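Note sheet for the following structure.
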Amino acid sequence: MTALVESVEQALHDNGRVTSKTIHVTGDDHTIVLHGVVDSLDEYGIAEEVAEAVPGVDKVENHLHIDGVVNTGPCCPQM
């Protein structure tokens, strides 16, 4: 685990608005990847913002899923 990954994990842990304990952080160089499940769209965005704010992070790939939301792709055309 890199120091950057550890810094992002600590920042997420310390942030009171990110309550999910299922966020897994990976990364290399200056890119961080977030995986896991969060409780809301707000938490999804906050986690990304927290990761982006860590010194040394240039890019965040957010692969988090919102609990209970299923991505079914584009909606059906109207009849």
Side-chain angles (χ1 to χ4, degrees):
M1 180 178 312
T2 69
L4 186 60
V5 168
E6 290 176 0
S7 294
V8 171
E9 286 179 338
Q10 189 64 48
L12 290 168
H13 180 265
D14 292 346
N15 183 286
R17 300 183 314 164
V18 178
T19 59
S20 176
K21 303 299 182 215
T22 62
I23 297 175
H24 181 69
V25 181
T26 59
D28 56 17
D29 297 328
H30 302 282
T31 300
I32 290 295
V33 183
L34 303 175
H35 296 276
V37 179
V38 293
D39 294 329
S40 67
L41 182 58
D42 285 339
E43 191 172 12
Y44 176 95
I46 292 166
E48 185 171 332
E49 289 174 8
V50 168
E52 288 173 340
V54 172
V57 174
D58 291 335
K59 179 180 177 185
V60 175
E61 294 180 16
N62 192 340
H63 298 283
L64 294 171
H65 296 279
I66 301 167
D67 191 25
V69 175
V70 177
N71 182 0
T72 58
C75 185
C76 303
Q78 293 183 352
M79 299 279 197

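Predicted model, so just to flag it, every value in this text is computed and none were measured.
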Atom pair [atom1]/[atom2] of [X] and [Y] - distance to nearest 0.5 Å:
{"X": "L34", "Y": "N62", "atom1": "CG", "atom2": "CG", "value": "5.0 Å"}
{"X": "T19", "Y": "L12", "atom1": "OG1", "atom2": "CG", "value": "11.5 Å"}
{"X": "E9", "Y": "D14", "atom1": "CD", "atom2": "CG", "value": "11.5 Å"}

Inset, instruction - Examine distances only and state if a side-chain atom of D29 and a backbone atom of T31 form a donor-acceptor pair shorter than 3.5 Å. - result: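 Not confirmed, D29 side chain does not pair with T31 backbone.
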Show the nearest heavy-atom pair for residues [X] and [Y], with the distance to one decimal.
{"X": "V60", "Y": "A51", "answer": "CG2-CB, 3.9 Å"}
{"X": "V57", "Y": "I32", "answer": "CG2-CG1, 3.8 Å"}
{"X": "V54", "Y": "S7", "answer": "CG1-CB, 3.8 Å"}
{"X": "A47", "Y": "I23", "answer": "CB-CD1, 4.1 Å"}

Legend entry - Geometric class of the H63/H35 ring pair [parallel <30°, tilted 30-60°, perpendicular >60°]: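 It falls in the parallel class, under 30°.
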Inset, instruction - Could you list the residues that satisfy side-chain contact (heavy atoms from CB on, under 4.5 Å) with E6, not counting sequence neighbours? - result: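 side-chain contact (heavy atoms from CB on, under 4.5 Å) list for E6, sorted by chain: M1.
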Legend entry - Residue list, side-chain contact (heavy atoms from CB on, under 4.5 Å) with H65, at least two apart or on another chain: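 In terms of side-chain contact (heavy atoms from CB on, under 4.5 Å), with neighbours along the sequence ignored, H65 is linked to no residue.
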Legend entry - Same cluster (ILVMFWY, side-chain, under 4.5 Å), V33 and Y44: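 No, no single cluster joins them.
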Legend entry - Qualifying residue for side chain to side chain contact (heavy atoms under 4.5 Å, CB included) with V18, from E43, E49, H13: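 Of the listed options, the one satisfying the test is E43.
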Inset, instruction - State which residue, out of V38, V37, T22, fulfils the side chain to side chain contact (heavy atoms under 4.5 Å, CB included) condition with L64. - result: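 Option passing the side chain to side chain contact (heavy atoms under 4.5 Å, CB included) with L64: V38.
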